[in-house]
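Predicted model only: the values in this text are computed from it and were never measured.
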Amino acid sequence: QVQLVESGGGLVQAGGSLRLSCAASGRTFSTYAMAWFRQAPGKEREFVATSSWSGGSTYYAGSVKGRFTISRDNAKNTVYLQMDRLKPEDTAVYYCAGHRRLGVRTREDDYDYWGRGTQVTVSS
């Protein structure tokens, strides 16, 4: 079992930056691929970024590529999402999630563990 707790959300002006953190419990964190998803009001939850268990491989949604960076520190059982050049359309609740399947996964159904989310609001 892995429990995930997100933090770092808040209100920021367009063009600004935020760094989200996701702290995981359990000794097996380093065996999980981790990802960030987000859900905007009235919309379905969507994939944002994912990192392999080692952090050596990452993949991003087209809408955030070049602006967001996913990273992880397995010694601290934590995955991060650095968000730069934020836009109002990035406003959403951001969730971290984990799985131990092979390959890059962008579908919600492939993820076994989820945090409760942290709100990010970008004002124009």
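- Of all the heavy atoms in D110 and R101, the pair that sits closest is O-NH1, 2.5 Å.
- No single ILVMFWY cluster, assembled from side-chain heavy atoms under 4.5 Å apart, contains both V79 and F47.
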Go through it in stages, so that I can follow the logic: the residues are Y59 and I70, the test is side chain to side chain contact (heavy atoms under 4.5 Å, CB included), and I'd like the CA-CA distance, side-chain angles, deciding distance and then a yes or no.
CA-CA 9 Å; Y59 181 79; I70 187 171; over 6 Å; no

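- Between the side chain of R72 and the main chain of S52, a donor-acceptor pair closer than 3.5 Å is present.
- Considering all non-hydrogen atoms of both residues, R100 and D112 come closest at N-OD2, 4.2 Å.
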Could you list the donor-acceptor pairs under 3.5 angstrom formed between side-chain atoms of residues 14-26 and any protein atom two or more places apart in sequence or on another chain?
| residue | atom | partner | partner atom | Å |
| --- | --- | --- | --- | --- |
| S17 | OG | D84 | OD1 | 2.8 |
| S25 | OG | Q3 | N | 3.0 |

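- Distance check: M34 CE to L4 CG gives 4.5 Å after rounding to the nearest 0.5 Å.
- Under the 4.5 Å side-chain heavy-atom criterion for grouping Ile, Leu, Val, Met, Phe, Trp and Tyr, F37 is connected to V93 within one hydrophobic cluster.
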For E46 and R38, what are the C-alpha separation, side-chain angles and deciding distance, and is it a side chain to side chain contact (heavy atoms under 4.5 Å, CB included)?
CA-CA 5 Å; E46 65 175 2; R38 68 186 181 186; 2.7 Å; yes

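- A distance of 6.5 Å separates OG1 in T78 from CZ in F29, rounded to the nearest 0.5 Å.
- Following chains of ILVMFWY side-chain contacts shorter than 4.5 Å, one can reach W36 starting from Y32, so the two form part of one hydrophobic cluster.
- Atom OG1 of T69 sits about 14.0 Å away from atom OH of Y80, to the nearest 0.5 Å.
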Could you check T106 against Y60 for side chain to side chain contact (heavy atoms under 4.5 Å, CB included), going step by step and ending with a plain yes or no?
CA-CA 9 Å; T106 62; Y60 298 90; over 6 Å; no

For residues 113-124, which side-chain N or O atoms pair as donor and acceptor with protein atoms under 3.5 Å away, sequence neighbours left out?
| residue | atom | partner | partner atom | Å |
| --- | --- | --- | --- | --- |
| W114 | NE1 | Y111 | O | 3.4 |
| T118 | OG1 | G9 | N | 3.2 |
| Q119 | NE2 | A92 | O | 3.4 |
| Q119 | NE2 | T121 | OG1 | 3.3 |

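- In this structure, the side chain of R105 does not engage the main chain of H99 through any donor-acceptor pair within 3.5 Å.
- The closest side-chain heavy-atom distance from R67 to D90 is below 4.5 Å.
- Rounding to the nearest 0.5 angstrom, the gap separating the CD atom in Q39 from the CD atom in E108 is 7.5 Å.
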